[in-house]
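Note that this is a predicted model, so its numbers are computed, not measured.
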Amino acid sequence: QVQLVESGGGLVQAGGSLRLSCAASGPTFSRYNVGWFRQAPGEEREFVAAISWSGGSTYDADSVKGRFTISRDNAKNTVYLQMNSLKPEDTAVYYCAARRAASPKYDSWGQGTQVTVSS
């Protein structure tokens, strides 16, 4: 099981930007697909974006398309989520998760980082 640690969250005004990082342990992280998820208080966790192990394929939720960009640097064992044009509805705890390419589930999760967007 890979260990994941998120960072980069904080308080930002609407229209601002944040860059989240997901740092992973182990050299085999390059063969994991990684996703970003978020959860607001009282709401279910929702998918935000995902990236393949090669970085060649990405997928974004409709709610963040055109605003968020997921990327990875396998040499640094790190996945990023660049968040631009932030809206108050983006306020949530953001989690990164990893899975093997052959696994249907994300089974390694970080502890989350809080993102708060003020009006």
Side-chain angles (χ1 to χ4, degrees):
Q1 187 177 27
V2 64
Q3 300 291 321
L4 305 174
V5 179
E6 302 96 336
S7 62
L11 175 64
V12 64
Q13 292 183 328
S17 298
L18 286 173
R19 189 193 195 194
L20 306 184
S21 297
C22 175
S25 63
T28 60
F29 183 65
S30 62
R31 291 292 175 172
Y32 283 80
N33 292 343
V34 176
W36 283 97
F37 299 80
R38 66 187 183 186
Q39 186 172 22
E43 300 183 12
E44 296 295 319
R45 184 168 58 199
E46 65 176 340
F47 170 80
V48 175
I51 189 167
S52 65
W53 65 267
S54 68
S57 298
T58 61
Y59 183 81
D60 304 320
D62 289 341
S63 60
V64 305
K65 283 184 177 179
R67 300 188 299 119
F68 292 7
T69 302
I70 188 171
S71 62
R72 69 189 300 163
D73 185 342
N74 287 340
K76 297 181 179 180
N77 282 356
T78 302
V79 172
Y80 305 97
L81 184 68
Q82 179 66 47
M83 309 165 66
N84 298 326
S85 301
L86 283 163
K87 305 174 181 179
E89 51 262 45
D90 295 319
T91 295
V93 177
Y94 283 71
Y95 301 88
C96 66
R99 65 174 177 86
R100 286 284 193 177
S103 176
K105 298 181 179 180
Y106 291 93
D107 49 19
S108 297
W109 293 81
Q111 295 300 305
T113 184
Q114 177 71 48
V115 172
T116 302
V117 184
S118 62
S119 301

Heavy-atom pair with the smallest gap, counting every atom of Cys96 and Leu4: O-CD1, 3.7 Å

Expected output: side-chain Glu6 to main-chain Cys22 donor-acceptor under 3.5 Å: no

Thr91 versus Glu89, side-chain donor and acceptor atoms under 3.5 Å: no

Heavy-atom donor-acceptor pair, Ser52 side chain to Ser57 backbone, under 3.5 Å: yes

Thr78 side-chain N/O to Lys76 backbone N/O, donor-acceptor pair under 3.5 Å: yes

Euclidean distance, Ile51 CD1 relative to Asp60 CG, rounded to 0.5 Å: 9.5 Å

Asn33 side-chain N/O to Ala101 backbone N/O, donor-acceptor pair under 3.5 Å: no

Residues which pass salt bridge (Lys or Arg N to Asp or Glu O under 4.0 Å) with Asp90, listed by chain and number, not counting sequence neighbours: Arg38, Arg67

Which atom of Asn84 lies closest to which atom of Ser17, heavy atoms considered: OD1-OG, 2.9 Å

Distance in Å, Leu18 CG paired with Met83 CE, rounded so as to fall on 0.5 Å steps: 6.0 Å

Working for ring-ring contact (aromatic ring centres under 6.0 Å, His included), residues Trp36 and Phe68: CA-CA 11 Å; Trp36 283 97; Phe68 292 7; 9.8 Å; no

Atom of Ala98, atom of Tyr32 and distance for their closest heavy-atom approach: CB-CD2, 3.8 Å

Donor-acceptor pair, side chain of Thr113 and main chain of Gly9, under 3.5 angstrom: yes

Within one Ile-Leu-Val-Met-Phe-Trp-Tyr cluster: Val93 and Val64, side-chain cutoff 4.5 Å: no

Cluster link Leu20 to Phe37, ILVMFWY, side chain under 4.5 Å: no

Backbone N/O of Trp53 and side chain of Asn74: donor-acceptor pair under 3.5 Å: yes

Aromatic ring pairing Trp109/Tyr95, orientation class (parallel under 30°, perpendicular over 60°, tilted between): perpendicular

Closest approach of Arg99 to Lys105 (non-hydrogen atoms, all atoms of both residues): CB-O, 3.0 Å

Single-linkage hydrophobic cluster Val2~Ile70, side-chain heavy atoms < 4.5 angstrom: yes

Worked verdict on Val48 versus Leu81 for side chain to side chain contact (heavy atoms under 4.5 Å, CB included): CA-CA 10 Å; Val48 175; Leu81 184 68; 4.2 Å; yes

Side chain to side chain contact (heavy atoms under 4.5 Å, CB included) evaluation trace for Glu46 with Gln39: CA-CA 6 Å; Glu46 65 176 340; Gln39 186 172 22; over 6 Å; no

Beyond-backbone contact of Arg72 with Val34, side-chain heavy atoms, under 4.5 angstrom: yes

Gln13 (side chain) donor-acceptor with Ser119 (main chain) under 3.5 angstrom: no

